[in-house]
Amino acid sequence: MPDEITLTIDGVDVKTTPGTNILQAAIDAGMYIPYLCYYPGMKSFGACRMCVVTAEQKTPDGEYRSLPGSPASCTTPAADGMRVSTNSENLVGLRRGIMDLLISEHPHGCLTCHRVELCGPSDICLRHVSVNDRCVTCPKNERCELKDTVRYLEMELDTPLTYNNRHLPLKVEDPLWEMDMNLCIVCGRCVRACDEIRGDNALTFTDRSGRSLIGTSHGTSLLESGCEFCGACIDVCPTGALVEREHKWDKAVKKVSSICPHCPVGCQVDLEVDKRNRLIRTSPDIHAPANRGQVCFKGKFGLEFVNRKERLRKPLVRVDGSLQESTIVDALDQVASRLKEHKGNEFALIASPRGTNEDNYIAQKFARAVMSSNNIDISSNLRPELTPALGDMLGSRAATNSIWELEGSKCFLVVSSNITEEQNVAAIPIKKAVKNGAALIVVDPRETELTRFATVWLRPRPGAETALIGGILRAIVDESLDDHQFLADRCEGVRELKNSLWAFDLIRVSEITAIPQTEIQEAARIFANNGPAAILYALETLAPELRDACVRGLINLALVTGNVGKPSSGLYPLYAGANEQGSKDVGCAPDYLPGYRPLSDSTDVDRFQQEWDADVPSSEGLTLTEMTAAIRDGHVKALMVAGDSPNFTNSELGDFLNAARQLELLVVLATFRSELTEVADVVLPSATFAENEGTYTNMERRVQLVRPAVGPKGDEEPDWRIINRIANLMGANGFDHEDAEAVFDELTGLVETYGGISYERLRSGGVQWPCLAADMSDTGILGVPEADAGKIKLSQMALPDVPNDVGADYPFVLAMGRMLHQADRPMEIGKSGKRNVIERDEVVEIHPEDAQDLDIV
Ligand code: FES
């Protein structure tokens with residue numbers, strides 16, 4: 001079969017791939033055929049018939065044969081030599097007839113009103129028609145595909161204002177969206193998006209005979225139907241039937257493409273802004289390579305914080321024990337003069353995972369070049385062990401492969417990660433592949449959403465994960481399931497690894513992990529026999545000292561089974577923060593400079609001293625988790641914190657807040673007042689992602705442009721600019737960048753893997769590093785063999801003991817994690833002001849025998 005075929009659509013040659021339907025081929029070529037039930041990325045449905053065409057197929061003897069009738073272009077595969085006509089008088093007549101039928105059950109005052117071209121979006125309609133039958137009372141006014149299609153068809157707007165009104169009540173019981181089934185055209189896009197794309201099946205067709213509509217299978221609220229509130233149904237709805245509740249009636253005056261700041265998937269979204277400079281809606285970009293038109297509940301409904309009136313707009317300075325509003329000039333002066341007294345190791349800086357690469361590059365440069373301290377980290381970096389082993393063994397501290405390659409994986413190993421909660425969109429290709437027959441091995445003592453999809457769910461004792469991975473490796477080697485060719489060609493240290501695996505006797509591993517030997521062997525066979533296989537790990541339940549060995553074990557497993565350097569395989573460390581990868585890339589770490597240049601290498605330190613024209617300390621600084629103790633012990637006396645993070649108050653950093661009270665100087669760059677700002681000496685208002693220009697780097701190494709959508713309403717500024725102003729007041733050189741692009745240009749000169757990336761390039765789409773030159777394209781897969789590449793060194797493994805980090809005072813291990821998807825847990829919709837909120841008690845799960853011993857019922 002050829003890789004490419006050519007057909008003619010309305011006389012224009014269109015190239016496409018075999019198997020593509022005519023409609024998609026036209027869409028890809030920038031041509032328009034009306035459609036309502038089709039949606040790019042979903043299977044064809046063939047329900048609305050709006051996409052009808054006439055087509056002639058070329059026979060082997062060069063003749064043309066017409067396809068019978070007027071086939072739907074969404075269900076007809078394109079063929080080489082095919083001739084398609086989309087706009088004949090006959091077809092337009094057919095479509096108008098179909099549309100007449102559709103609007104015989106759809107309020108259509110918005111289409112037939114004689115003022116339809118005259119009224120503006122905010123005009124008030126006084127016509128005597130039903131309340132949901134006026135443009136201004138349809139929440140999708142000017143965003144309605146049905147209306148667009150009628151206009152395209154140039155239909156005479158003389159349809160009588162009578163239609164079969166369904167008189168169905170508005171469904172408003174769910175907290176984030178509203179459903180008006182009077183406006184539904186039963187295209188089924190929402191049901192199919194929920195099933196085909198998201199794998200949730202929260203929506204279905206109801207009342208099939210004659211009154212087919214959309215709802216939940218048992219008529220319950222979405223909260224009870226397994227909905228994950230990703231909003232995919234709203235995004236695909238062509239009419240006003242499904243809409244966001246928040247800002248339902250607000251009209252956008254502009255749309256800005258940017259990146260969601262909530263997790264490392266880096267979803268590209270369109271931010272819609274109204275004339276009052278408020279962010280009113282987000283919709284995911286269907287062409288975005290990182291998220292392919294999807295977001296999660298955080299990206300869809302969790303960006304309202306940008307508009308909150310509680311935002312910090314003015315600096316606060318502590319005067320006589322209380323925080324008082326100040327001018328930005330006075331606040332910055334005070335910070336600059338007081339910081340001068342704390343240079344060296346008594347200064348530390350915690351940057352934000354929501355900070356852009358530019359913010360965090362400047363933050364670490366300030367800490368090093370101005371404050372002479374390597375005490376720099378980001379507030380989400382609670383598991384710094386996720387990537388160093390990747391750097392040591394495979395050469396780059398990052399995921400080896402891209403997110404959507406996971407669709408093609410035949411097996412997944414997910415270790416101690418709650419992907420559907422934390423990196424939600426990355427779970428979509430996994431669920432899709434599993435639905436199509438891929439195997440899924442989940443290693444986690446906790447139940448997560450993915451355990452529902454798992455082929456095998458292994459629940460090791462917390463802390464026994466490395467023993468389990470070693471056991472799986474041992475079983476693979478024992479049964480000779482390893483990829484001999486790959487090991488011979490690409491790896492060294494094979495014998496040493498295999499020798500070290502002798503310690504992983506499966507009976508012993510079974511004792512340590514509390515997992516039967518047969519299950520370990522089954523997992524080994526599944527993983528080794530189903531390639532390409534991908535490994536995703538967050539290590540959320542492992543104690544810090546166990547993590548590095550576990551990562552090395554996972555890398556060994558990928559190498560031993562030949563799952564490195566090819567599509568749909570590899571390793572994915574799962575961070576928590578949106579720009580955690582980028583922050584590390586630009587040097588926001590206590591042990592290396594931008595571009596992962598180690599502080600232990602004096603040549604690198606010298607180079608940065610020259611580049612920055614400043615002294616750079618060469619001793620390693622404190623990590624985030626070491627800072628609390630250092631503050632408490634008085635080693636750190638001045639701290640600058642950028643961004644708001646729950647980690648300051650959720651005890652994962654120990655008693656950080658109480659320690660922070662002992663600081664001589666605490667400067668916080670924040671968007672809201674918080675428990676941390678309340679103990680600060682100076683609080684500087686910081687811009688959110690929606691007001692900021694810069695770049696984020698996502699979990700697949702894709703550098704993407706964050707664009708400002710709303711303007712500032714007070715003194716808030718991007719962190720890099722605030723820090724630059726402080727540096728200038730302190731007399732430092734090299735902090736005079738005109739804009740974010742200038743900061744980026746500076747850092748690309750220092751971070752080799754970013755060398756070929758520029759804003760100009762990013763304006764037309766993100767780029768995956770390493771990108772060493774302007775003419776180098778994305779690097780989607782790391783570890784692809786090169787002619788002169790050396791061999792990858794396997795890591796020897798040691799069998800850890802039975803986890804024994806519990807004592808008399810603390811006899812249990814707390815494995816933390818977020819759990820939203822538990823439909824069986826009772827929840828209620830409550831009110832917070834005018835707002836509806838999900839209310840649910842959080843739970844601590846404990847083994848029944850332990851509970852019994854403790855008399856817990
Ligand atoms: Fe083809 Fe609906 S878009 S039938």
Side-chain angles (χ1 to χ4, degrees), residues 7-10 14 16-57 66-79 82-106 108 111 140 143-155 181 183-197 203-205 208 212-214 232-242 286-287 292-293:
L7 68 160
T8 314
I9 301 179
D10 293 334
V14 169
T16 187
T17 47
T20 307
N21 65 58
I22 297 172
L23 176 56
Q24 187 60 55
I27 294 171
D28 293 342
M31 303 174 81
Y32 180 64
I33 303 174
Y35 63 96
L36 289 170
C37 70
Y38 183 70
Y39 197 80
M42 291 200 287
K43 286 184 205 149
S44 305
F45 195 46
C48 73
R49 316 306 291 179
M50 196 53 64
C51 67
V52 286
V53 292
T54 51
E56 295 171 293
Q57 192 131 16
S66 296
L67 297 187
S70 309
S73 59
C74 68
T75 53
T76 309
M82 188 179 247
R83 293 197 297 217
V84 178
S85 165
T86 72
N87 247 338
S88 67
E89 214 174 300
N90 185 33
L91 289 171
V92 173
L94 252 174
R95 288 191 193 118
R96 286 177 181 158
I98 295 164
M99 182 58 84
D100 265 334
L101 290 173
L102 276 177
I103 58 180
S104 71
E105 277 215 333
H106 190 283
H108 52 249
L111 306 171
K140 279 271 182 79
R143 296 188 292 134
C144 172
E145 288 180 47
L146 188 70
K147 192 168 172 180
D148 291 344
T149 311
V150 170
R151 286 177 178 174
Y152 176 80
L153 295 175
E154 296 179 342
M155 289 174 71
M181 280 296 103
L183 300 175
C184 176
I185 56 167
V186 206
C187 63
R189 281 187 188 177
C190 53
V191 175
R192 290 179 290 133
C194 195
D195 169 23
E196 275 177 41
I197 297 179
L203 288 175
T204 186
F205 291 103
R208 283 166 198 269
S212 211
L213 282 176
I214 307 301
C233 51
I234 298 173
D235 294 328
V236 298
C237 179
T239 70
L242 300 178
I286 195 164
H287 302 295
R292 296 194 181 175

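Note that ligands are numbered from 1 as they come in the structure, with each ligand's atoms numbered from 1 the same way.
Of the options T20, I9, T8, a side chain to side chain contact (heavy atoms under 4.5 Å, CB included) to V14 is made by I9 and by none of the others. Checked options E145, E105, H106; the residue passing with I185 is H106 (criterion: side chain to side chain contact (heavy atoms under 4.5 Å, CB included)).
Ring geometry for F205 against F45 counts as parallel: the plane angle stays under 30°, on a 0 to 90° scale with 60° as the upper cut. Taking the six-membered ring for Trp and thresholds of 30 and 60 degrees, Y35 and Y38 have ring planes more than 60 degrees apart, a perpendicular arrangement.
Contact detail for G46 and C37: the closest heavy-atom pair is N-SG, 3.8 Å.
At distances below 3.5 Å, not a single donor-acceptor pair connects side-chain atoms of T75 with backbone N or O atoms of S44. Between the side chain of R95 and the backbone N or O of N87, no donor-acceptor pair lies under 3.5 Å.
If you look at S73 next to ligand 1, there are no close heavy atoms at all, none under 4.0 Å.
Proximity to A47 (heavy-atom distance under 4.0 Å) selects the following atoms of ligand 1: 4 (S). Shown in contact with C48 at under 4.0 Å from a heavy atom are these atoms of ligand 1, numbered in order with element: 2 (Fe), 3 (S), 4 (S). Annotation for ligand 1: atoms under 4.0 Å from non-hydrogen atoms of C37 are 2 (Fe), 3 (S), 4 (S). Residue G46 approaches ligand 1 through these ligand atoms, each under 4.0 Å from one of its heavy atoms: 4 (S).
Checking R49, M50, R189 against atom 4 (S) of ligand 1, the nearest heavy atom belongs to R49.
C74 lies apart from atom 2 (Fe) of ligand 1 in this respect, since none of its N, O or S atoms is found at a distance under 2.8 Å. Atom 2 (Fe) of ligand 1 has no N, O or S atom of C187 under 2.8 Å away, backbone or side chain. With 2.8 Å as the limit, C51 counts as an N, O or S neighbour of atom 1 (Fe) of ligand 1.
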